[in-house]
*Asks:* 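The structure is given below, and queries will be raised subsequently.
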Amino acid sequence: MLQRRVGMRIREVREQAGMTQAELAKRVHVSRSSVESWESGQSYPSIDSCVELSQTFHLSSDYFFAPRASKNVILDDLSERERQMLFDMLAFFDDEKKAGKRLR
């Protein structure tokens, strides 16, 4: 069950990033068949690969393994300007939600 959940989450973030399995494999220094094996729930990524996945997608490794999916975005690699832009955008969406507006 856990292997399947981990695989589904890896596939989800890979597809959201518009990457192929081969592209992800290259980014995390493994074979395409390793990524395929993770996504199909046949195996787990190694610890090193988990670190690479987290850095590639700017997510906490908890996202892949925790029972409930909660995306924690890692901001370490962002500049102060990029962080501020991100916070401003989140505040905008929060304000829109509170106002009951539906974004399209």
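In what follows, residues are counted from 1 in the order of the sequence shown.
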*Asks:* When rounded to the nearest 0.5 angstrom, what is the spacing between CD in Glu52 and CG in Asp48?
*Replies:* 7.5 Å
*Asks:* Can you check whether Phe64 reaches Phe57 side chain to side chain, under 4.5 Å on heavy atoms?
*Replies:* yes
*Asks:* Whether the side chain of Ser40 engages the backbone of Glu36 through a donor-acceptor N/O pair (distance < 3.5 Å, no angle test) should be reported.
*Replies:* yes
*Asks:* Mind running side chain to side chain contact (heavy atoms under 4.5 Å, CB included) on Thr20 and Arg32 for me, showing each step along the way?
*Replies:* CA-CA 9 Å; Thr20 65; Arg32 188 206 51 79; over 6 Å; no
*Asks:* Just do the side chain to side chain contact (heavy atoms under 4.5 Å, CB included) check on Trp38 and Val6 with the steps written out, would you?
*Replies:* CA-CA 7 Å; Trp38 302 338; Val6 171; 5.9 Å; no
*Asks:* State, with a plain yes or no, whether a side-chain heavy atom of Leu59 is found less than 4.5 Å away from one of Ser54.
*Replies:*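 Leu59 vs Ser54: side chains apart.
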*Asks:* Atom CZ of Arg9 and atom OH of Tyr63: how far apart are they, to the nearest 0.5 Å?
*Replies:*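 Here the rounded value is 6.0 Å.
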*Asks:* Are Pro45 and Leu53 packed together at the side-chain level, in the sense that at least one heavy-atom pair is separated by less than 4.5 angstrom?
*Replies:* yes
*Asks:* Can you find a side-chain donor-acceptor pair between Ser37 and Ser34 that sits under 3.5 Å?
*Replies:* no
*Asks:* Does atom CZ of Arg4 have more than 12 heavy-atom neighbours from other groups under 6.0 Å away?
*Replies:*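 No, because the 6.0 Å sphere around CZ of Arg4 holds 12 heavy atoms or fewer from other groups.
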*Asks:* Given the rule that I, L, V, M, F, W and Y join up when any side-chain heavy atoms are under 4.5 Å apart, are Phe87 and Met89 in one cluster?
*Replies:*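 In one cluster: yes.
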*Asks:* Are Cys50 and Phe65 close enough, and set up right, to give a side chain to side chain contact (heavy atoms under 4.5 Å, CB included), and what steps lead you there?
*Replies:* CA-CA 10 Å; Cys50 287; Phe65 293 94; 3.5 Å; yes
*Asks:* Does a side-chain heavy-atom distance below 4.5 Å link Leu24 with Ile10?
*Replies:*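 When only atoms from C-beta onward are counted, Ile10 and Leu24 do touch, with a gap below 4.5 Å.
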*Asks:* Determine whether more than 12 heavy atoms belonging to other residues, nucleotides or ligands lie under 6.0 Å from atom CZ of Arg27.
*Replies:*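 Counting neighbours around CZ of Arg27, 12 or fewer heavy atoms of other residues, nucleotides or ligands fall under 6.0 Å, so no.
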*Asks:* Does Met8 have more than 12 heavy atoms from other residues, nucleotides or ligands lying within 6.0 Å of its CE?
*Replies:*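 At most 12 heavy atoms, drawn from other residues, nucleotides or ligands, come within 6.0 Å of this atom.
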*Asks:* Treat each ILVMFWY residue as a node, draw an edge where side-chain heavy atoms are under 4.5 Å apart, and state whether Met19 and Val51 are in one component.
*Replies:*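 No, separate clusters.
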*Asks:* Considering non-hydrogen atoms only, spot the tightest contact between Ser49 and Val30 and give its length.
*Replies:*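 In terms of heavy atoms, the two residues are closest at OG-CG1, 3.6 Å.
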*Asks:* Show, in sequence, the C-alpha distance, side-chain angles and deciding distance for Gln21 and Glu39, and conclude whether the side-chain hydrogen bond (donor to acceptor under 3.5 Å, both in side chains) test is met.
*Replies:* CA-CA 9 Å; Gln21 287 181 339; Glu39 290 185 357; 2.7 Å; yes
